[in-house]
Number of protein chains: 2
Amino acid sequence: MRAAITLFARKGFDATPVREIADAAGVTTGALYHYFATKEDLLVEVYRQMQGGQRLRMEAIADSDLPLREKLHAIISDVVESTIADLDEAVVFFQSFHLLSPRVREMVRGERRGYHDRVKALIEEGQREGTFRSDVPATLAVSYHFGAVHRLGLWYHPDGPLSAEEVARHFADLTLSSLTP
Amino acid sequence: MRAAITLFARKGFDATPVREIADAAGVTTGALYHYFATKEDLLVEVYRQMQGGQRLRMEAIADSDLPLREKLHAIISDVVESTIADLDEAVVFFQSFHLLSPRVREMVRGERRGYHDRVKALIEEGQREGTFRSDVPATLAVSYHFGAVHRLGLWYHPDGPLSAEEVARHFADLTLSSLTP
DNA sequence: CCCGACATACCGAACGCTCGGTATGGTCGG
DNA sequence: CCGACCATACCGAGCGTTCGGTATGTCGGG
């Protein structure tokens with residue numbers, strides 16, 4: 001499983017033969033197909049893991065009684081740090097989306113829409129109470145800032161000069177200051 | 001050529017057989033291979049077209065004598081509007097990067113790095129003269145904001161409620177206000 | 001004006017190979 | 001001795017690419 005994620009992240013799902021995954025994991029294709037019915041199931045597993053945790057943590061923050069700005073700060077920080085913590089998973093997540101079968105893709109998309117709408121609601125709340133600027137549509141702001149976060153996996157390098165915490169803090173800063181009235 | 005881009009954007013490069021491209025273009029595979037040596041050359045053509053134009057327009061703006069904030073505003077607007085104008089190309093551009101052969105990939109990466117560094121230099125200039133805030137690394141800000149722009153192709157829909165100009169204006173607004181001291 | 005010589009544009013069947021998946025049989029703990 | 005677990009050998013579909021061949025100009029010498 002971990003072997004599969006590493007290979008998918010490095011070479012892409014399509015370009016990784018099942019035999020190579022099996023070799024890297026120290027088993028044979030027979031064993032692999034004993035546990036996973038299809039190659040796609042390996043990919044589906046990645047999506048389930050990622051989405052479950054992130055959604056739960058985001059909702060815990062959103063439902064807390066922090067001030068709005070701090071909620072948003074915490075949400076962005078969390079998603080940045082968890083993306084960096086599981087960088088390979090994140091790369092696979094965003095790079096292989098279009099290879100999923102239509103049914104799975106729709107489920108993933110729905111889950112993501114739920115996440116998006118929850119954050120959007122937070123921003124709209126802030127716009128009503130004057131915490132956030134109102135001259136930009138909330139949904140566009142969400143797409144903008146999470147777009148930035150989702151590209152993280154393609155340029156961040158753990159050996160670089162920036163630690164995960166620094167990136168998380170800066171990202172949250174940029175998001176908040178862009179929404180300040 | 002246009003047929004190929006449409007198919008690549010919809011199904012992905014890997015999942016599009018050469019025969020299908022040929023059919024969509026109303027020719028045969030023989031004819032196609034008369035003009036393109038390999039399937040990858042079709043993809044390379046997409047990258048050349050995109051990068052050439054964007055780089056030229058960005059440098060024209062960067063070298064102009066507009067104030068810094070207006071330069072940045074114009075650059076973001078330009079890249080958003082051209083992304084939306086050629087949405088299929090943009091989708092292919094960001095979705096197929098990891099399928100390029102190492103040689104081509106390095107060339108594309110180098111070109112992108114040039115673009116990145118030029119914009120970074122603009123922001124650093126603004127930081128020195130006090131136009132932009134200095135408590136965030138310029139290169140991180142560039143990655144952040146262009147990350148947001150590069151995800152555009154995955155959620156923007158031309159039939160949606162937002163016109164290309166509106167998105168461009170809002171994106172540039174968000175970028176600038178996040179960098180205001 | 002015509003004819004042979006050559007170049008360019010194109011066709012589409014076939015090749016070689018890789019891949020995801022399966023069928024079969026062995027092994028071992030309970 | 002049985003069923004869960006797994007190794008091995010194999011299948012057939014699908015892929016990018018090749019290649020022998022044809023059709024359609026182009027052009028210079030007689």
Side-chain angles (χ1 to χ4, degrees), chain A residues 1-50 88-89 91-108, chain B residues 1-50 88-89 91-108:
Chain A
M1 193 67 214
R2 292 225 67 79
I5 293 170
T6 307
L7 287 170
F8 289 164
R10 190 165 55 219
K11 319 197 339 174
F13 178 77
D14 268 1
T16 308
V18 171
R19 281 163 189 76
E20 205 165 321
I21 302 168
D23 283 356
V27 296
T28 60
T29 68
L32 233 174
Y33 275 95
H34 183 72
Y35 293 105
F36 297 94
T38 67
K39 188 188 177 187
E40 193 191 8
D41 285 358
L42 283 166
L43 198 51
V44 171
E45 203 40 41
V46 176
Y47 280 85
R48 260 219 290 278
Q49 269 184 244
M50 284 244 101
D88 282 343
E89 278 90 337
V91 170
V92 175
F93 192 98
F94 293 112
Q95 200 157 74
S96 308
F97 181 73
H98 63 113
L99 302 174
L100 290 169
S101 68
R103 247 191 17 154
V104 180
R105 192 163 52 220
E106 278 319 305
M107 292 182 66
V108 174
Chain B
M1 192 68 214
R2 292 226 67 80
I5 294 170
T6 307
L7 287 171
F8 289 164
R10 188 164 54 220
K11 318 200 334 172
F13 178 76
D14 268 2
T16 308
V18 171
R19 283 168 190 76
E20 205 166 319
I21 302 168
D23 284 356
V27 296
T28 60
T29 68
L32 231 172
Y33 273 93
H34 183 72
Y35 293 104
F36 298 92
T38 67
K39 189 187 177 188
E40 192 189 8
D41 285 359
L42 283 166
L43 198 52
V44 171
E45 203 40 42
V46 176
Y47 281 83
R48 260 221 290 279
Q49 269 183 243
M50 285 243 101
D88 282 343
E89 277 92 336
V91 170
V92 174
F93 192 97
F94 293 110
Q95 200 156 73
S96 309
F97 182 72
H98 62 115
L99 303 173
L100 290 169
S101 68
R103 247 189 18 149
V104 181
R105 191 162 53 220
E106 277 319 304
M107 291 181 67
V108 173

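These numbers come from the heavy atoms of this one structure, side chains and all, not from hydrogens, waters or symmetry mates. Sequence lines set the chain letters: A, B, ... in the order given, protein chains first and strands last, and positions in each chain run from 1.
- To the nearest 0.5 angstrom, A:T29 atom OG1 is 14.0 Å from A:F36 atom CZ.
- Taking atom CG of residue A:L32 and atom P of nucleotide C:dT22, one finds them 13 Å apart after rounding to whole Å.
- Computed from coordinates, the B:H34 NE2 to D:dA23 C1' distance equals 13 Å when rounded to whole Å.
- Nearest heavy atoms, A:K11 versus A:P17: NZ-CD, 4.5 Å.
- The two residues A:V91 and A:A9 make their nearest non-hydrogen contact at CG1-O, 3.9 Å.
- Contact annotation: the side chain of B:M1 approaches that of B:V46 to within less than 4.5 Å [non-hydrogen atoms, C-beta and beyond].
- Nearest heavy atom pair, residue B:A24 against residue B:L7, reads CB-CD1, 3.9 Å.
- We find that CZ of A:F36 is positioned 12 Å from P of D:dC6, with the value rounded to whole Å.
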What does the B/S/- profile of nucleotides 13-21 of chain C look like, 5' to 3', with a 4.0 Å heavy-atom cutoff to protein?
BB----SBB
